[in-house]
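Each chain gets a letter, A, B and so on, in the order the sequences are listed, and its residues count up from 1.
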There are 2 protein chains.
Amino acid sequence: MSRDHATLTPLEPQAFAGLREHVHRALRQVILSGEYAPGARLNERAIAEQLGVSTTPVKEALRLLEADGLVCSKPRSGVIVNFDMAWAEEMILARAAIESTIARLAAQRVSTADTPVLEAILVEMRRATSESSAEDLMRLNEVFHRQIRSLARANYLGRLNDRQDLYDSDARRVIHSDPAERARALAEHDAIGRAVIAGDAEAAEAAMKAHVLRAGETYLDLVFRNKEGPSS
Amino acid sequence: MSRDHATLTPLEPQAFAGLREHVHRALRQVILSGEYAPGARLNERAIAEQLGVSTTPVKEALRLLEADGLVCSKPRSGVIVNFDMAWAEEMILARAAIESTIARLAAQRVSTADTPVLEAILVEMRRATSESSAEDLMRLNEVFHRQIRSLARANYLGRLNDRQDLYDSDARRVIHSDPAERARALAEHDAIGRAVIAGDAEAAEAAMKAHVLRAGETYLDLVFRNKEGPSS
DNA sequence: TGCGATAAAACTGTATGCAGTTATTGTACA
DNA sequence: TGTACAATAACTGCATACAGTTTTATCGCA
């Protein structure tokens with residue numbers, strides 16, 4: 001599968017929650033997929049024109065990106081892209097730190113009533129790993145992590161992690177298509193799930209940290225070190 | 001010392017880096033000091049008028065705050081304050097997770113050339129703890145943590161932590177005025193510094209995490225549980 | 001007196017215009 | 001040919017104006 005770069009599409013989704021979010025998501029996708037090289041300057045009016053909107057929502061979207069840390073804005077000069085491999089490495093460390101904290105909370109706060117739903121997700125994941133498509137696995141992955149977050153009652157931490165989501169959908173699809181990666185991820189998810197169910201905070205934190213860090217390495221291999229998986 | 005609430009001051013600093021940042025900092029301070037209660041709606045035009053600026057920089061500042069997680073904006077209804085004790089508790093957990101990761105990196109990457117400067121800071125802190133003012137201690141605190149961050153070569157992680165700075169200057173001053181707290185902080189900083197110098201990543205991470213979490217409890221006591229320190 | 005509907009007021013989201021600053025390009029001089 | 005300077009062009013930051021939606025207040029009715 002060739003990872004064709006994302007492009008700025010002018011307002012295709014019918015139901016949008018404000019132009020601001022649309023522009024934000026679009027620019028985010030473009031930056032993370034590598035279309036805009038590190039150091040490239042982002043021209044407000046050009047972006048506004050490409051997307052068919054005014055400069056106002058573009059300004060606001062750029063502020064969001066600035067807060068995300070993906071661009072940095074010099075006072076009167078505009079914003080420049082601020083995303084390279086070193087940046088991605090640190091983002092992965094941050095994800096590991098936050099997500100493992102969430103896992104610890106989940107293990108501390110889990111109740112027996114939560115066990116079946118978590119186990120059901122794990123069963124579903126095991127089935128999908130050998131039988132189903134990458135899209136299904138991506139969805140289940142999302143569901144799993146979101147369930148952990150829910151058990152942890154982690155609102156701020158959850159939002160924080162959402163803002164550090166550096167995996168674009170193309171990369172995710174490629175990764176989830178590799179059988180070896182699927183097996184590794186399953187084993188790790190299983191370890192995390194069992195630790196949470198057992199209420200073992202230490203184990204849950206350690207397992208989640210290991211999982212995020214290893215998955216991050218896989219991502220770095222794919223996107224920055226150009227080592228595509230064997231099945232891609 | 002009475003912790004008088006911050007108020008919206010219209011443009012006092014002559015040298016400012018854009019009205020946007022000014023408004024952002026002002027609103028941030030006001031929210032963190034508790035002037036605006038959780039759930040309160042923020043009126044763009046009222047803020048703009050109070051600060052003597054247009055609504056445009058206010059809008060952008062609100063987007064920054066939204067990304068900081070201090071407010072959440074409903075599509076056509078405006079933004080409401082989103083900061084209470086539970087939120088602060090999670091922010092402290094996040095700080096502990098990120099800052100301890102930075103400490104681990106610092107211990108891994110420290111070189112013998114870095115030892116004297118770190119030791120000098122610790123010496124300075126020891127002296128200031130018994131002799132000097134709260135302001136000096138606050139400044140040294142900043143220097144210490146920033147030095148650790150520098151050793152760790154943590155750029156993204158550092159920025160991330162800046163975004164989670166929930167201690168307003170009033171609270172900081174009160175905390176750093178309490179002799180017991182000063183002693184505790186000194187011992188912890190010493191443990192962190194020694195672990196980093198020794199290159200002991202595990203110890204540095206653990207020490208930093210313990211420090212941030214304990215200091216966070218002190219903050220929560222002061223701001224949300226209304227237990228002021230004995231010397232305030 | 002309580003509830004529902006309608007109308008008015010207010011507020012956000014978006015667009016556009018202008019001023020100040022920065023970056024770039026062209027030219028003159030060494 | 002390389003460098004410094006100046007003028008032009010472009011871009012950001014800020015202000016203001018307008019349209020659509022939400023909220024609220026008032027009036028009628030049960």
Practice problem: Look up atom CE in A:M208 and atom CD1 in A:I192, then write down how far apart they are to the nearest 0.5 Å. | Solution: 4.5 Å
Practice problem: Check the distance between D:dT12's C1' and A:E66's CD and give it to me in whole angstrom. | Solution: 13 Å
Exercise. Examine distances only and state if a side-chain atom of B:R41 and a backbone atom of B:S77 form a donor-acceptor pair shorter than 3.5 Å.
Key: yes
Quiz item: Should the ring pair B:Y219 and B:F224 be called parallel, tilted or perpendicular, given that the plane angle runs from 0 to 90° and is split at 30 and 60?
Solution: perpendicular
Self-check item: Side-chain heavy atoms of A:Q29 within contact of A:S169, under 4.5 Å
Solution: yes
Exercise. Return the angle between end axes of the helix from C:dT1-D:dA30 to C:dA30-D:dT1, with five pairs used per end and rounding to 10°.
Key: 20°
Self-check item: Heavy-atom donor-acceptor pair, B:R95 side chain to B:V212 backbone, under 3.5 Å
Solution: no
Could you go over nucleotides 11-13 of chain C and give all protein N or O partners under 3.5 Å, atom names and distances?
from	atom 1	to	atom 2	distance (Å)
C:dC11	OP1	B:N43	ND2	3.0
C:dC11	O5'	B:N43	ND2	3.1
C:dT12	OP1	B:L42	O	3.2
C:dT12	OP1	B:E44	N	3.1
C:dG13	OP1	A:R20	NH2	3.2
C:dG13	OP1	B:P75	O	2.7
C:dG13	O4'	B:R76	NH1	2.8
C:dG13	N7	B:K59	NZ	3.2

Quiz item: Which residue pairs satisfy the ring-ring contact (aromatic ring centres under 6.0 Å, His included) criterion with at least one member in residues 40-72 of chain A, sequence neighbours excluded?
Solution: none
Quiz item: Do B:T218 and B:D221 have side-chain atoms, one donor and one acceptor, less than 3.5 Å apart?
Solution: no
Quiz item: Distance-only, no hydrogens or angles: does the A:S150 side chain make a donor-acceptor pair with backbone N or O of A:R146 under 3.5 Å?
Solution: no
